[in-house]
Amino acid sequence: MADPARARKLAKRISQIVASAIEHDIKDPRLGAVTVTDARVTADLHDATVYYTVLGESVDAEPDFASAAAALEAARGVLRTKVGQGTGVRYTPTLTFVADSIPDDARRIEELLAKAREADAEVARQATGAQHAGEADPYKPPRDAEEDEAAEEESRG
């Protein structure tokens with residue numbers, strides 16, 4: 001088992017190497033919008049998982065995850081060779097590519113926050129001009145000592 005700090009350093013280096021290789025060395029047009037977001041290496045340093053996301057051609061266009069996944073799968077051997085050359089470790093880790101779900105999760109959270117803001121605005125609109133359903137001061141005023149004595153005498157009386 002390797003040191004966890006060493007595994008983190010190796011994962012960071014692998015993500016840098018893979019990102020650089022996708023940008024400069026691999027000439028597949030399907031990888032033009034691929035961004036490497038993270039990498040994780042197992043404790044024995046034999047397997048690496050590279051997380052990526054794909055940007056759409058425009059803001060409204062859906063990203064093409066299927067073609068990006070196929071292109072990464074086709075380039076896996078070249079990328080593993082680049083990782084082996086760039087890291088200098090005894091055993092080059094196998095690479096697994098996983099689409100990162102963070103952008104989708106962030107979009108979903110933004111939608112939920114927008115709905116919550118709309119609901120808060122609706123409550124604020126309904127609250128304007130509203131009145132309390134009782135007296136202005138619903139609490140009883142404190143009694144004086146004389147009133148307490150009079151109440152005690154009536155109860156004994």
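Computed over heavy atoms, backbone and side chain alike; hydrogens, waters and symmetry mates excluded.
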Can you say whether the rings of Tyr52 and Phe65 are parallel (under 30°), tilted (30 to 60°) or perpendicular (over 60°)?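 Tyr52 vs Phe65 ring planes: tilted.
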
Remaining members of hydrophobic cluster (4.5 Å side-chain criterion), Tyr51: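 Under the 4.5 Å side-chain rule, Tyr51 groups with Val98.
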
Side-chain contact, heavy-atom cut-off 4.5 Å: Arg6 with Leu45?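 A side-chain contact under 4.5 Å exists here.
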
Validation row: Thr96, Val50 side chains within 4.5 angstrom (heavy atoms):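 Result no, sub-4.5 Å side-chain heavy-atom pair not found.
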
Would you call Arg40 and Asp38 a salt bridge, using N to O less than 4.0 angstrom?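 Looking at Arg40 and Asp38, the cut-off is met.
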
Under a 4.0 Å threshold between the charged nitrogen and the carboxylate oxygen, would Arg125 count as salt-bridged to Glu122?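 Counted as a salt bridge, because a side-chain N and a carboxylate O are separated by less than 4.0 Å.
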
Nearest-0.5 Å distance that lies between atom [atom1] in [X] and atom [atom2] in [Y]:
| X | Y | atom1 | atom2 | answer |
| --- | --- | --- | --- | --- |
| Asp3 | Arg8 | CG | CZ | 7.5 Å |
| Ile17 | Lys12 | CD1 | NZ | 12.5 Å |
| Ile26 | Leu31 | CD1 | CG | 6.0 Å |

Would you tell me whether Asp100 and Thr53 have side-chain atoms, one donor and one acceptor, within less than 3.5 Å of each other?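 No, no side-chain donor-acceptor pair sits under 3.5 Å.
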
Can you give the donor-acceptor pairs under 3.5 Å from side chains of residues 75-86 to other protein atoms, not counting sequence neighbours?
residue: Arg76; atom: NE; partner: Glu73; partner atom: OE2; Å: 3.0
residue: Arg76; atom: NH1; partner: Leu95; partner atom: O; Å: 2.1
residue: Arg76; atom: NH2; partner: Glu73; partner atom: OE1; Å: 2.4
residue: Arg76; atom: NH2; partner: Glu73; partner atom: OE2; Å: 2.5
residue: Arg80; atom: NE; partner: Thr92; partner atom: O; Å: 3.3
residue: Arg80; atom: NE; partner: Pro93; partner atom: O; Å: 3.1
residue: Arg80; atom: NH2; partner: Thr92; partner atom: O; Å: 2.6
residue: Thr81; atom: OG1; partner: Gly77; partner atom: O; Å: 2.9
residue: Lys82; atom: NZ; partner: Asp25; partner atom: OD2; Å: 3.4

Let me check something: do Val36 and Leu55 share a hydrophobic cluster, defined by ILVMFWY side-chain heavy atoms less than 4.5 Å apart, either directly or through other members?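 Unlinked, Val36 and Leu55 end up in two clusters.
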
Looking at every heavy atom in both Arg30 and Ala70, which two are closest together, and how far apart are they? NH1-CB, 3.9 Å

